[in-house]
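Values below: all heavy atoms of this structure, side chains included; hydrogens, waters and symmetry mates excluded. We count residues from 1, following the sequence as given.
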Amino acid sequence: MCPGMEDKRNIQIIEWEHLDKKKFYVFGVCMTMMIRVSVYPFTLIRTRLQVQKGKSLYNGTFDAFVKILRTEGVSGFYRGFLVNTFTLISGQCYVTTYELTRKYVSKYSSSNTVKSLVAGGSASLVAQSITVPIDVVSQHLMMQRVGESMGRFKVKVADGKRSVVFGQTKDIIVQICRADGLRGFYRGYVASLLTYIPNSAVWWPFYHFYAEQLSRLSPRDCPHLLLQAIAGPLAAATASTITNPMDVIRARVQVEGKSSIIKTFRQLMAEEGPWGLTKGLSARIISSTPSTIVIVVGYETLKKLSLRPELVDSRHW
């Protein structure tokens, strides 16, 4: 460990200027794809739980898992997945914006909390602008159950002359265009920004805060990566709890075709009360815990693997 730092933290933060950018992007795409494959089923479960009325279909995360597996098979957990992989682009834009914004803000503030807060929020703004249209299509595909749909649109039964996956995607895109025009692909954009910008802005400062506290409590020879792997899920659970109410509203706006965040909020409160704002929270935390461990370990490892050659042995990262 490296205790003599000015901000009294033991864990070194690898900044943008320390990285070999070519390695960073190549390794980053591979890492992001592996993470998406592992967490997508829980994203699908969370979305269905948030959209259903009360407990009309599923009684909770585990019940949803069992019922989807029984009625739709393993492939049911990956409805809309191929479309969702296009968000790999937004993922790379996110990390680039985050690292560049940290570098820019460091000219004006040495506070790691300020740098993380501003960079996290800015990165989410850029990423969501790319992600929302993909999410809208992907979420409607997630809503397709065997023989029925939980959302506004229902895909046609695929025939043998076309790809089932992209045939369904085309059906959804055409239906969204007919119903809402191009604006339909940005339905819930404001709700997404109100969900993910705070989530991202809160996650990074809490991540560094928890890592700092753990480094002070842990033995001197405790691996940095272990502390970061613990700090990540703690930060994710904190951020998820804070932003889940807006996430429920976002999911309903996008899937049910609602146009007003306020009206959606009032309807949810009238139908299900305050507890309606916690829907999908357990699925969100369950999915975020392993995914955040993978993301944190993967991201920190990615940055170490992407260090410029002359910096690899220059200090204890």
Asker: Could you verify whether a donor N or O on one side chain and an acceptor N or O on the other, from Tyr196 and Thr131, lie under 3.5 Å apart?
Answerer: no
Asker: In terms of relative ring orientation, are Trp204 and Tyr207 parallel, tilted or perpendicular, with 30° and 60° separating the classes?
Answerer: perpendicular
Asker: May I ask you to check whether Phe65 and Tyr58 place their ring centers less than 6.0 Å from one another?
Answerer: no
Asker: For the atom pair OG1 (Thr169) and CD1 (Ile134), what is the distance rounded to the nearest 0.5 Å?
Answerer: 11.5 Å
Asker: Could you verify whether a donor N or O on one side chain and an acceptor N or O on the other, from Thr96 and Tyr25, lie under 3.5 Å apart?
Answerer: yes
Asker: In terms of side-chain geometry, is the basic nitrogen of Glu272 or Arg252 positioned less than 4.0 Å from the acidic oxygen of its partner?
Answerer: yes
Asker: Does either side chain, that of Ser124 or that of Ser200, offer a donor lying less than 3.5 Å from an acceptor on the other one?
Answerer: no
Asker: For the CD atom of Gln139 and the CD1 atom of Ile172, what is their distance to the nearest 0.5 Å?
Answerer: 11.5 Å
Asker: Report yes or no: does Asn112 contribute a side-chain atom to a donor-acceptor pair with the main-chain N or O of Pro205 at less than 3.5 Å?
Answerer: no
Asker: Counting N and O atoms only, with roles assigned by atom type, does the side chain of Gln52 sit under 3.5 Å from a partner on the main chain of Leu57, one being a donor and the other an acceptor?
Answerer: yes
Asker: Look up atom NZ in Lys67 and atom CG in Asn59, then write down how far apart they are to the nearest 0.5 Å.
Answerer: 5.0 Å
Asker: Looking only at heavy atoms, what is the nearest atom pair of Leu302 and Lys23, with distance?
Answerer: CD1-O, 4.3 Å
Asker: Check whether any side-chain N or O of His18 sits under 3.5 Å from a backbone N or O of Glu15 as a donor-acceptor pair, and report yes or no.
Answerer: yes
Asker: Is NZ or CZ of Lys21 both nearer than 6.0 Å to the six-membered ring centre of Trp16 and within 45° of the ring axis?
Answerer: yes
Asker: Do Arg250 and Thr243 have side-chain atoms, one donor and one acceptor, less than 3.5 Å apart?
Answerer: no
Asker: Please find out if less than 6.0 Å separates the ring center of Phe185 from that of Tyr189.
Answerer: no
Asker: Hey, could you give me the CE/OG1 distance between Met34 and Thr32, rounded to the nearest 0.5 Å?
Answerer: 8.5 Å
Asker: Would you call the rings of Phe24 and Tyr299 parallel, tilted or perpendicular, taking 30° and 60° as the class edges?
Answerer: perpendicular
Asker: At what distance, to the nearest 0.5 angstrom, does OG1 of Thr292 lie from CD of Gln228?
Answerer: 13.5 Å
Asker: Are the side chain of Arg48 and the backbone of Met142 linked by a donor-acceptor contact shorter than 3.5 Å?
Answerer: yes
Asker: May I ask you to say whether Arg46 pairs ionically with Asp247, meaning some side-chain N is under 4.0 Å from a carboxylate O?
Answerer: yes
Asker: Salt bridge between Glu212 and Arg216, side-chain N to carboxylate O under 4.0 Å?
Answerer: yes
Asker: Using 30° and 60° as the class boundaries, would you call the ring planes of Tyr94 and Tyr98 parallel, tilted or perpendicular?
Answerer: parallel
